[in-house]
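Letters go in sequence order (proteins before strands), and every chain restarts at 1.
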Protein chains: 2
Amino acid sequence: MTRVLVVDDDRQLLRALRINLTARGYQPVLAADGGSALGEFSRQPIDLVIVDLGLPDMDGVEVVEGIRGWSKVPVIVLSARHLEQSKVLALDAGADDYVTKPFGMDELLARVRAALRRAVPAPESPVVTTPAFTVDLGARLVTRNGAQVRLTPTEWHVLEVLVRNTGRLVSQRQLLHEVWGPRYESETNYLRVYIAQLRAKLEPDPSAPRHLLTEPGMGYRFVP
Amino acid sequence: MTRVLVVDDDRQLLRALRINLTARGYQPVLAADGGSALGEFSRQPIDLVIVDLGLPDMDGVEVVEGIRGWSKVPVIVLSARHLEQSKVLALDAGADDYVTKPFGMDELLARVRAALRRAVPAPESPVVTTPAFTVDLGARLVTRNGAQVRLTPTEWHVLEVLVRNTGRLVSQRQLLHEVWGPRYESETNYLRVYIAQLRAKLEPDPSAPRHLLTEPGMGYRFVP
DNA sequence: GGTCCGCGTCAGGAAAACGTCAGGATTCCG
DNA sequence: CGGAATCCTGACGTTTTCCTGACGCGGACC
């Protein structure tokens with residue numbers, strides 16, 4: 001089912017969107033502030049985000065930037081402001097669409113449909129297959145020998161970065177930045193631990209990896 | 001250059017868009033009605049379409065449908081109408097975005113950037129090919145006979161500097177500066193060792209190099 | 001013909017990077 | 001409040017890489 005994350009501090013609007021989204025077959029995930037929104041987003045796969053620019057703890061643009069940092073999920077921005085500048089900022093931050101309050105529910109739902117329709121072909125091949133295992137980037141699912149493999153959030157995050165750069169070398173710094181944050185530069189022991197765990201769960205022979213390769217001194221590389 | 005097809009019957013608006021798009025580095029292609037728009041679209045490759053819903057010869061939604069029939073190019077719809085229903089129709093017809101007149105040029109350009117960013121997900125990395133091997137600078141990948149060649153960080157660094165200066169002579173000093181640092185001037189034995197290792201891994205006949213050439217007394221040169 | 005200089009080759013030890021493991025801290029959830 | 005899952009951290013042995021010196025070869029020059 002398509003999961004839609006709705007971020008707004010207006011309880012009444014949240015309730016209205018929950019009802020309408022549920023009626024159209026979506027699964028709404030609700031958050032009242034930016035912090036819990038980013039938490040929900042990292043916790044479960046989200047297919048689309050609707051975010052209000054006016055939030056109690058942070059600006060909605062920051063939420064957009066926080067999401068765009070590691071995902072290409074479509075984002076629709078809501079705002080009561082009529083200032084054109086805020087539209088530009090939000091769109092340049094990575095938002096896909098912009099709706100000014102007050103808006104009609106039909107229009108918002110149409111924009112939701114449009115955004116989801118665009119998003120489907122966007123990941124050109126959301127499923128990456130190797131002889132040993134399969135990674136479904138959209139569903140955040142890894143299967144091996146037909147059985148689902150259970151990954152922790154950090155393990156998945158590391159694997160996701162590598163798979164999104166299939167065949168390309170990913171430097172330790174890039175991995176640390178994308179998974180742990182920009183303040184991490186030299187904690188390469190983190191990588192060693194999690195790469196080892198991924199190999200233990202995915203590689204046929206973890207001591208002789210065939211898909212999660214180490215390039216000593218440079219980084220790691222995923223090859224199908 | 002990115003080609004943007006603009007379809008509108010308002011000469012003044014067409015002129016404004018032509019100027020602004022040109023200023024931002026796009027190549028505008030102008031059409032005043034739906035028929036000539038579809039003609040231009042079939043005549044040359046178009047990267048993005050901006051179409052007004054109010055056209056003299058046909059409805060803009062028909063233009064969108066006509067384009068969507070055989071292309072996935074991003075489409076932004078313009079309209080002076082405030083009717084919500086028309087937005088729904090246009091978006092469901094396949095439009096990617098919708099802007100209501102009057103609009104600010106900054107907002108429209110921001111939406112253009114957003115649409116193009118969505119449409120171009122995979123920037124290709126520069127690849128240099130020789131009869132013996134290929135170097136993918138973006139992926140940090142070297143292939144020979146279809147198999148990946150493993151390079152150490154220093155080997156890769158030396159090769160990268162040479163390949164980025166394909167055909168040009170790179171002095172020993174420049175190589176030492178770029179790979180080992182500005183304090184290295186005369187340690188040419190480093191170069192001899194690593195050039196030899198690169199030849200052993202890449203050249204068909206390492207004793208008679210064809211791509212990593214020595215210029216005695218000067219430096220080294222890479223030729224495809 | 002002899003000498004000198006630059007280049008290619010090889011091998012071995014020092015240093016850095018990596019894989020592995022286990023224990024403790026933290027968070028999450030009932 | 002307790003248990004489980006996850007994350008972080010440090011230590012140790014192993015692998016890889018880097019530097020270094022020695023030697024041979026060939027051309028330039030005297």
Side-chain angles (χ1 to χ4, degrees), chain A residues 35-36 38-44 140 142 148-160 162 169-176 178-181 183-203 205-221, chain B residues 140 142 148-160 162 169-173 175-176 178-181 183-203 205-221:
Chain A
S36 54
L38 293 176
E40 288 293 340
F41 187 82
S42 63
R43 196 166 298 122
Q44 55 183 315
R140 295 202 173 184
V142 181
Q148 180 176 347
V149 178
R150 186 175 166 74
L151 296 184
T152 73
T154 307
E155 287 167 3
W156 168 260
H157 212 159
V158 172
L159 180 65
E160 182 185 28
L162 289 174
L169 177 85
V170 184
S171 68
Q172 303 107 323
R173 179 186 276 182
Q174 183 181 346
L175 265 175
L176 286 168
E178 296 219 30
V179 178
W180 278 269
R183 296 161 45 127
Y184 291 78
E185 294 271 341
S186 57
E187 289 81 353
T188 57
N189 46 331
Y190 293 11
L191 298 179
R192 293 204 296 274
V193 170
Y194 281 95
I195 292 289
Q197 289 173 357
L198 283 174
R199 294 210 259 239
K201 292 184 177 181
L202 302 179
E203 292 275 3
D205 181 2
S207 61
R210 300 172 52 82
H211 306 107
L212 299 170
L213 305 182
T214 302
E215 304 269 347
M218 300 203 286
Y220 293 90
R221 188 196 305 271
Chain B
R140 287 204 175 187
V142 181
Q148 178 182 347
V149 179
R150 296 193 55 124
L151 297 184
T152 72
T154 308
E155 288 166 4
W156 169 260
H157 211 158
V158 171
L159 180 65
E160 185 184 24
L162 289 175
L169 172 70
V170 183
S171 70
Q172 299 168 339
R173 222 162 84 178
L175 266 175
L176 286 168
E178 294 216 34
V179 178
W180 278 270
R183 298 163 45 137
Y184 290 77
E185 295 272 342
S186 56
E187 289 81 351
T188 58
N189 47 329
Y190 293 10
L191 297 179
R192 292 203 295 274
V193 170
Y194 281 96
I195 291 290
Q197 288 174 356
L198 283 174
R199 284 174 179 158
K201 292 184 178 182
L202 301 180
E203 291 276 2
D205 181 2
S207 60
R210 301 173 52 84
H211 305 108
L212 299 170
L213 306 182
T214 303
E215 303 276 348
M218 311 273 291
Y220 292 90
R221 186 196 304 271

Please report the distance, rounded to the nearest Å, between [atom1] in [X] and [atom2] in [N].
{"X": "Arg150(B)", "N": "dC18(C)", "atom1": "CZ", "atom2": "P", "value": "11 Å"}
{"X": "Glu203(A)", "N": "dT20(C)", "atom1": "CD", "atom2": "C1'", "value": "16 Å"}
{"X": "Gln172(A)", "N": "dA16(C)", "atom1": "CD", "atom2": "P", "value": "15 Å"}

Q | chain B footprint on DNA chain D, 5' to 3' - any atom under 4.0 Å from a heavy atom | A | dT17(D) to dT20(D)

(Q) Heavy atoms within less than 4.0 Å of DNA chain C: which residues of residues 207-215 of chain A have one? Give them sorted by number. (A) Thr214(A)

Q: Would you mind classifying the nucleic acid contact of Trp180(B) as base, sugar-phosphate or nothing, using non-hydrogen atoms under 4.0 angstrom?
A: sugar-phosphate

Q) Counting only heavy atoms not in Arg210(A), do more than 12 sit closer than 6.0 Å to its CZ atom? A) no

Of all the heavy-atom pairs spanning [X] and [Y], show the shortest one and how long it is.
{"X": "Pro206(B)", "Y": "Ala200(B)", "result": "CG-CA, 4.0 Å"}
{"X": "Leu169(A)", "Y": "Arg140(B)", "result": "CD2-CD, 3.2 Å"}
{"X": "Leu151(B)", "Y": "Met218(A)", "result": "O-CE, 3.5 Å"}
{"X": "Leu202(A)", "Y": "Val142(A)", "result": "CD2-CG1, 3.6 Å"}
{"X": "Leu212(B)", "Y": "Pro209(B)", "result": "O-CB, 3.4 Å"}

At what distance, to the nearest 0.5 angstrom, does [atom1] of [X] lie from [atom2] of [Y]?
{"X": "Gln172(A)", "Y": "Tyr220(A)", "atom1": "CD", "atom2": "OH", "value": "7.0 Å"}
{"X": "Glu215(B)", "Y": "Leu213(B)", "atom1": "CD", "atom2": "CG", "value": "7.0 Å"}
{"X": "Thr154(A)", "Y": "Leu159(A)", "atom1": "OG1", "atom2": "CG", "value": "12.5 Å"}
{"X": "Glu185(A)", "Y": "Arg173(A)", "atom1": "CD", "atom2": "CZ", "value": "4.5 Å"}

Q | Residues in side-chain contact (heavy atoms from CB on, under 4.5 Å) contact with Val170(B), at least two apart in sequence or another chain | A | Val161(B), Leu162(B), Asn165(B), Gln174(B), Leu175(B)

Q | Test of ring centre spacing under 6.0 Å for Trp156(B) and Tyr194(B) | A | no

Q. To the nearest 10 degrees, what angle separates the axes at the start and end of the helix from dG1(C)-dC30(D) to dG30(C)-dC1(D), five pairs each?
A. 30°

**Q.** All pairs passing salt bridge (Lys or Arg N to Asp or Glu O under 4.0 Å) where residues 186-203 of chain B contributes a residue, at least two apart
**A.**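 Only Glu155(B)-Lys201(B) qualify under salt bridge (Lys or Arg N to Asp or Glu O under 4.0 Å).
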
(Q) Please determine whether a side-chain nitrogen or oxygen atom of Tyr220(B) lies at a distance below 4.0 Å from atom OP1 or OP2 of dG8(C). (A)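 For Tyr220(B), the contact criterion (side-chain N or O under 4.0 Å from OP1 or OP2 of dG8(C)) is met.
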
Q: For DNA chain D, determine which residues of residues 190-199 of chain B have any heavy atom closer than 4.0 angstrom to one of its atoms, and list them numerically.
A: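 The answer is Tyr190(B), Val193(B), Tyr194(B).
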
